[in-house]
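Right, one structure below, let's go through it.
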Amino acid sequence: MSRLHPRRSVRPIRPRLSLDILTGKDVQAIHEAALRVLSETGVRFPSDRALGILADAGCEVDHGRQVARIPPDVAMAAIGRAPRRFALGARDPADTLDLDGEHCYLSTDGCGIEVYDLETGERRRSTRDDVYRSAVVADYLDAIAFYWGPTVSAQDVPPSTRPLHELEAAFLGTSKHVQPETILSAPVARWCVEMALAEVGTTAELRRRPIFSVMQCAVDPLGQDGGSLEASLVAAAHGIPTGFMPMPMSCATAPATVAGNLVVTTVDALAPLILIQLAHPGAPVFFAAAPTVMDLRTGGYTGGSPEDYLLGGAFNQICRFYGLPLSMGAMATGAKRPDWQAALDNSFSTLLPVLTGTAMLTGAGMLNGSKILSYQQLVMDSEIYSVVAKVAEGIRVDAETLAVETIQRVGPEGNYLAQPHTLRHLGDIWRPTVVDRSPYEAWEQGGGRGAYDVAADLARDILAGHRPREVEPAVRREWQRILAAAGRELEATG
Amino acid sequence: MEHFYAEMYRVVYEGEVDAAGPAAERALAAGLDPLECVNRGFMRALEQVGREFGAGDKFLPELVAAGEAVQRALAVLQPRLQESGIRRESLGLVLLGTVEGDIHEIGKRIVGALLAAAGFEVVDLGVDVPAARFLERARELRPAIVGMSALLTTTMVRQREVIAALRRENVPARVMVGGAPVTPSWAEEIGADGYAEDASAAVDLARQLVGGGKQ
Ligand code: B12
């Protein structure tokens, strides 16, 4: 399509501004509280395999309750083995992401249930085709660095093999890194590894270029899911990066206070990473979190409230203390339409984690508390990200940017429009993609269209005109074989 | 006597969970009738908290605490009620659980708390409940309603299994379903008797299902 500019490379944020929400003393206090809970109360690991590994490392294990108490020295030694820096590979090596503590990358949101159909506007159940289409849009948008989720669930595919079909659709739709949160058992993890191997070739190459990584949920408070733990152990054995996302909701699955929530978040994010490091020392791992406050009337997940923004920023500081990258849940607005509330929630929930140094942000494009995909919202969230990127990059002050010579040359009553200095720096100035700045009359004559309509046009253009990097026919055939074999195995067992 | 009822009312109204059992014990020791304790003391307070919650004057944690306080009191009073062969009045027994493979618990807990505040008797089977367990407990307890929660698109299919098992074994309970991915059309497709989007709608639905209609 003519209106589409060529696909640009991924645009990470490299923040220069930085914000401290907690003092060093606060962080230390939260860390000590977390260690106390880990060692005195313990965490539930409902997996014999996990409990065995923890017991061998010197943790006190209650097999009946499936609870392991992790001594502080075991915890800290294990975390100390995790690499401080690693890469998330991609089908297209140019889309590789460097988790180096200095860059921040945005993904799509994940596991939505419904879609606002781009053509009809109707709200409907999500399908495999929506996985593919959302991946294509994510592939094109330079704000989106990797594909999380899948963004929506492929509900037209049987549950037993759904995660594999979703992974295939995501790989076909984008050459960027893919991070599923649906790999909930060891057998499914093995099949995912096989699919990735079909694409990259060898296990050594997969280790070097993990084209997917694994996100799990913790079971707050103080718990994990057995299948998820075993799936992540399989992934870690192959050098696939893994992380666990607690979502403690203050008043429900966490204490009412922000500090108390941070303790639960820290315990639930730390505990599984300790396990992974004990089993596979040096395996790439990351923290993750989406802490929030329960809505006091409905019990609902708020996905946007002043406490959430504080939690999002503060937990980053805690992760910096441990020296591991963090993936922070952001842009999880509860708004039902892409409206004022969505913009309010998603701006703040992006700004604070970015200013506190998060490595990954998950993610763009969903409404109703991560339940409804909106293509317009995906494009508009990308714009929020680009505004935040510009703000976070801060102000450069040096001889060139002070521009004294130019100021003196222009003098009083002049202007800077055609100055060489101006022309040199035009590229520094943020430019909108969907934000409306048109004059009133022009806006009216153009049909009174706003950001929402422009975003819809862009999404349509992308879907009509953008072709993601193709997967080799031989690889596609291999994936078909894997899907069929996995179907036979997984349907028989589950 | 009145100060015993006032105390029972107070512990529930204030959500003093740990104080509820002892309050019930003291009342029994003083020779009060266990059914009166339930109706004039504990339940009256829970219904009041439920009304204030409905009006927006109390919040969910307060309602849940009041509900738990009543559960503690009932644990003390129930054996005495059974001895004397009395069944306490309720709008009906609701058997609640989150289906197999699914550990989302908060929504179901809230539904349970509101149902209890509205005068239903609630038995909560917890999370990750296999169809066989729903069936076993339903045959044992003869609930008026079985309520199932599912928050995942991959586990909502389990609701169908439970309904099939209940129908196959001729368990007469009505079935209601809920949870994020569940819709009215899904409820209809799997042969449930009703769907509710949130906890207060679940209470209205439960009332309808036991024949009370909407209040
Ligand atoms: C908190 C949460 C968790 C917590 C749960 C903690 C706990 N102890 O309950 C944790 C972190 C453990 C978790 C885990 C997972 N989660 Co989760 N989770 C959520 C979240 C954010 C909120 C759920 C919640 O508590 N809501 C608050 C309550 C009040 O609302 P509710 O549950 O909808 O209940 C209301 C109504 O639905 C109704 N209702 C509920 N039950 C019933 C029953 C009856 C009978 C009736 C009538 C009505 C009714 O009334 C309730 C009260 O108003 C949702 C997103 C969302 N916005 O819903 C995702 C969500 C449900 N989770 C999701 C996923 C994918 C997962 C995981 C698979 C992630 C992973 N990779 O590990 C795991 C699955 C674990 C498992 N096996 O179950 C997806 C599901 C999407 C899908 N496509 O299936 C969602 C939608 C988020 C997302 N987009 O990723 N999760």
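The shown structure was predicted, so the numbers you read here are calculated from the model rather than taken from an experiment. Note on naming: letters A, B, ... go to the chains in the order of the sequence lines (proteins, then strands), and numbering restarts at 1 for each one.
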Kindly compute the distance separating [atom1] ([X]) from [atom2] ([Y]), expressed to the nearest 0.5 Å.
X: A/Ile113; Y: B/Met156; atom1: CD1; atom2: CE; value: 8.5 Å
X: B/His104; Y: A/Thr253; atom1: NE2; atom2: OG1; value: 10.5 Å
X: A/Asp220; Y: B/Ile103; atom1: CG; atom2: CD1; value: 9.0 Å
X: A/Arg125; Y: B/Thr153; atom1: CZ; atom2: OG1; value: 8.0 Å

Kindly give the heavy-atom pair with the smallest separation between [X] and [Y], and that separation in Å.
X: B/Ile106; Y: A/Ala252; answer: CD1-CB, 4.1 Å
X: A/Gly299; Y: B/Ile110; answer: CA-CD1, 3.6 Å
X: A/Arg297; Y: B/Leu60; answer: O-CD1, 3.6 Å

Chain A interface, residue from B/Val64, B/Val157, B/Thr154 that has the most non-hydrogen pairs under 4.5 Å: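 Top count of heavy-atom pairs under 4.5 Å with chain A: B/Thr154.
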
Around atom [atom1] of [X], are there more than 12 heavy atoms from other residues, nucleotides or ligands closer than 6.0 Å?
X: B/Glu188; atom1: CD; value: no
X: A/Arg124; atom1: CZ; value: yes
X: B/Glu136; atom1: CD; value: yes

Heavy-atom contact with chain A under 4.5 Å, split by part of B/Ala199: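 The answer is neither part of B/Ala199.
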
Can you tell which of A/Arg162, A/Glu114, A/Met249 has the highest number of heavy-atom pairs within less than 4.5 Å of chain B?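 Of the candidates given, the most pairs with chain B belong to A/Arg162.
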
With sequence neighbours excluded, tell me which residues meet ring pair (Phe, Tyr, Trp, His ring centres under 6.0 Å) with B/Phe53.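 Result, ring pair (Phe, Tyr, Trp, His ring centres under 6.0 Å) vs B/Phe53: none returned.
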
Within the 4.5 Å heavy-atom criterion, are A/Lys371 and B/Pro181 side-chain neighbours or not?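 No - every pair of side-chain heavy atoms lies 4.5 Å or more apart.
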
Which portion of A/Thr298 sits near chain B, non-hydrogen atoms under 4.5 angstrom: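 Backbone only.
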
